[in-house]
There are 2 protein chains.
Amino acid sequence: MNTKDLAYFDRLIKLKNFSQVAAEFGVTQPTITTAIKRLEADFGAKLVLRDRVHNDLTVTASGQQLTIHAAAILRKLDLAHQEITHLTQQRTVLGLPPIIENHYFPRVAAHLQERGMLENIETLEGGSVQLRNALRDGQVDLALLGSTEPLSYKTLVAEEFDRQPFNIFVSAAHPLAKRKRIYFSELRREKFVLFNNSFIHDTAFNQLARRNHFRPDVVFRARDTHIIMNLVAENVGVTYLTGLVDQHRNDVVRLELLDDEQPEFISSIAYRSSHVLTPAQEQVLAVLRGTLED
Amino acid sequence: MNTKDLAYFDRLIKLKNFSQVAAEFGVTQPTITTAIKRLEADFGAKLVLRDRVHNDLTVTASGQQLTIHAAAILRKLDLAHQEITHLTQQRTVLGLPPIIENHYFPRVAAHLQERGMLENIETLEGGSVQLRNALRDGQVDLALLGSTEPLSYKTLVAEEFDRQPFNIFVSAAHPLAKRKRIYFSELRREKFVLFNNSFIHDTAFNQLARRNHFRPDVVFRARDTHIIMNLVAENVGVTYLTGLVDQHRNDVVRLELLDDEQPEFISSIAYRSSHVLTPAQEQVLAVLRGTLED
DNA sequence: TAGTCGTTATAAAAATAATTTATAATGGGT
DNA sequence: ACCCATTATAAATTATTTTTATAACGACTA
């Protein structure tokens with residue numbers, strides 16, 4: 001059976017129009033008609049009902065079933081292509097969320113540099129959720145990921161290497177600046193400047209807010225810690241970040257949270273369990289482990 | 001790309017011999033040679049190294065990578081075939097572990113009978129582990145499964161409908177027969193007759209034994225509760241089973257276990273999350289829920 | 001050391017399969 | 001009644017896969 005037919009079918013289910021599918025693939029319309037007929041013969045079942053009256057196309061139960069599997073098969077095939085391409089090239093694509101990149105990557109990069117391995121590494125930045133998808137889809141070979149729960153996905157191997165509490169940062173000019181420790185509930189009246197919600201900080205923050213039964217006033221969201229820190233310094237609001245962010249500034253003060261059962265920022269090295277690592281990738285992995293897991 | 005090529009490749013990796021693969025598929029040897037070449041061209045990488053000197057075939061990293069995905073793709077394709085075949089037929093294959101079959105199925109069957117649905121149901125018996133695989137592989141559409149932990153597999157939907165403690169059964173002639181409750185540790189000197197280890201009873205039993213720091217003396221294993229009960233009645237040993245088994249005999253006595261944190265026998269209705277149920281299967285599911293979950 | 005065996009590779013021919021071209025069929029809208 | 005946007009069908013064409021026949025390679029053996 002030809003996977004091209006599955007691709008045609010997959011698009012047909014979405015577009016519900018034979019001619020459009022044909023146009024998308026740059027083939028003629030009868031090609032699609034015959035491809036679907038081939039599949040129907042192969043599976044011994046009608047997959048779609050062509051209702052030319054209402055210009056509509058209904059997917060049968062068998063068709064729905066095949067849709068699910070066809071999508072999975074095409075995804076796997078695509079993954080195989082990408083992975084093998086990466087394997088034959090020297091390159092390793094490393095996914096890094098910005099906080100981890102700022103805090104841990106300089107040390108890793110130094111070690112990679114020593115071994116002359118840095119130039120074969122390409123980094124991809126993004127939130128942990130986005131990177132997890134990129135990892136799954138083969139765009140990334142190895143990633144450092146942040147999470148609030150230990151990562152456990154059947155498709156991923158994750159090795160935890162650090163846990164950090166979240167902290168509150170306030171302007172040095174803020175009344176709370178003289179405190180060292182604080183309960184989250186004391187922040188009920190504060191304005192917050194937070195990370196963009198594609199980051200797990202948001203998950204952690206929401207958990208904590210829910211447990212404390214209030215809805216914090218979030219006045220701004222940014223995707224960069226420096227912007228957040230600048231806003232905090234200007235007393236636009238307070239923020240909730242891991243202690244990993246740059247603390248070497250004297251206009252911002254870090255406060256520890258006293259709450260029980262706080263979410264933690266868990267950092268892990270992750271890669272696909274189905275992925276065969278190249279020797280180069282194994283070496284990168286070894287450097288990551290050596291640098292981060294000691 | 002033709003999935004036939006993946007099938008050829010998959011077998012080649014196992015057999016490591018082009019001619020044998022050709023023979024298995026009933027094609028000639030050059031067919032395999034060209035199929036592998038096609039794949040190598042398609043993925044832009046050598047997949048196997050033909051070492052005719054040592055009559056050996058080495059799989060490259062790319063080849064290993066493809067092996068993993070090819071197997072998954074072929075499995076999915078096979079699953080799609082099986083599921084669609086079941087969909088187009090009226091039949092529902094229901095997996096039942098023997099204990100659940102004995103205890104719950106009569107009630108379910110009565111309800112199915114009332115609705116004239118019983119004749120379209122085929123049952124497959126087996127241990128919970130075996131049935132979980134059959135479910136995954138598409139040989140079974142719906143299953144009732146026993147487990148000691150709540151079932152959570154990404155590929156399965158599981159709905160728990162009952163929990164039962166495990167009990168100890170002893171012969172009416174046994175010194176312990178006058179007791180109502182007992183600690184597992186008191187059974188240190190007993191001989192055990194147990195279920196075959198493809199059943200989860202074994203998992204539960206081992207847990208309990210480990211927690212009590214002793215290695216029980218298992219004198220016999222059977223795959224049928226009646227045989228076990230007969231052996232217990234004859235005082236060959238005592239057994240460890242759920243209270244679900246037939247208790248209407250006066251030559252065997254049931255004792256409750258007093259241990260904290262005992263394993264429980266969790267019964268669930270399960271089906272593949274990727275499976276589109278036929279109306280008939282939905283009806284069977286509704287009857288199962290109606291009968292078991294009230 | 002020539003002959004045979006068990007391998008995989010190659011090239012041309014044959015067989016099979018997929019796609020296009022051209023056209024039909026269907027029903028809705030104008 | 002005619003046009004438009006559909007999908008289906010059949011024949012012709014093109015592409016792909018498989019077979020046939022044979023080569024090449026090295027190990028083993030008489």
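Every chain is numbered from 1, with letters handed out A, B, ... down the list of sequences.
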Undergrad: To the nearest Å, give me how far apart CZ (B:F25) and P (D:dT18) are.
TA: 11 Å
Undergrad: Quick check on C:dA17: is either OP1 or OP2 less than 4.0 Å from any side-chain nitrogen or oxygen of A:N2?
TA: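 For C:dA17, OP1/OP2 do not have a side-chain N/O of A:N2 under 4.0 Å.
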Undergrad: Does a salt bridge link B:R75 with B:D137, judged by any charged N lying under 4.0 Å from a carboxylate O?
TA: yes
Undergrad: What is the distance, rounded to the nearest whole Å, between atom CG of B:D5 and atom P of D:dT17?
TA: 6 Å
Undergrad: According to the interplanar angle, ranging from 0 to 90°, do the rings of A:F25 and A:Y8 count as parallel (below 30°), tilted (30 to 60°) or perpendicular (above 60°)?
TA: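 It falls in the perpendicular class, over 60°.
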Undergrad: Between D:dT9 atom P and A:F18 atom CZ, what is the distance in whole Å?
TA: 11 Å
Undergrad: Could you tell me whether A:E114 and A:R107 make a salt bridge, using a distance below 4.0 angstrom between a side-chain N and a carboxylate O?
TA: no
Undergrad: How long is the gap from CG on A:L94 to CG on A:L135, to the nearest 0.5 Å?
TA: 10.0 Å
Undergrad: Can you check whether B:T31 has a side-chain N or O nearer than 4.0 Å to OP1 or OP2 of D:dT18?
TA: no
Undergrad: Please check the phosphate of C:dT7 (OP1 and OP2 only) for any side-chain N or O of B:R50 closer than 4.0 Å.
TA: no
Undergrad: Report the distance from atom NZ of B:K16 to atom P of C:dT8, rounded to the nearest whole Å.
TA: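 After rounding, the reported distance stands at 12 Å.
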Undergrad: Here's a test of your reading of the structure: between A:P30 and B:T34, which maps to the more 5' nucleotide of DNA chain D?
TA: A:P30
Undergrad: For B:E40 and C:dT8, give me the distance from atom CD to atom P, rounded to whole Å.
TA: 14 Å
Undergrad: Do A:D42 and A:R38 sit within salt-bridge range, that is, some charged N less than 4.0 Å from a carboxylate O?
TA: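 No, this pair does not count.
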Undergrad: What's the CD-C1' distance between A:Q29 and C:dT20, to the nearest Å?
TA: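 The distance from CD of A:Q29 to C1' of C:dT20 comes to 11 Å, rounded to the nearest Å.
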Undergrad: Starting at CG of A:L49 and ending at C1' of D:dT6, how long is that distance when rounded to a whole Å?
TA: 16 Å
Undergrad: Nearest heavy atom decides the nucleotide; on that basis, is A:S19 or A:K4 closer to the 5' end of DNA chain D?
TA: A:S19
Undergrad: At less than 4.0 Å, is any side-chain N or O atom of B:K37 found next to OP1 or OP2 of C:dT10? Yes or no.
TA: yes
Undergrad: Would you kindly compare B:Q20 and A:V27 by the position of their nearest DNA chain C nucleotide and give the one closer to the 5′ end?
TA: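 Nearest-nucleotide comparison on DNA chain C picks B:Q20.
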Undergrad: Would you say B:T33 reaches C:dT8's phosphate, i.e. side-chain N/O to OP1/OP2 under 4.0 Å?
TA: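 For B:T33, the contact criterion (side-chain N or O under 4.0 Å from OP1 or OP2 of C:dT8) is not met.
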Undergrad: Find the distance A:L39:CG to C:dA18:P and express it as a whole number of Å.
TA: 10 Å
Undergrad: Kindly say if A:R38 contacts the phosphate of C:dA18, meaning a side-chain N or O under 4.0 Å from OP1 or OP2.
TA: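 Indeed, a polar side-chain atom of A:R38 lies that close.
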Undergrad: Contact class for B:Y8 (heavy atom, under 4.0 Å): base, sugar-phosphate, or nothing?
TA: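 Result for B:Y8 = sugar-phosphate.
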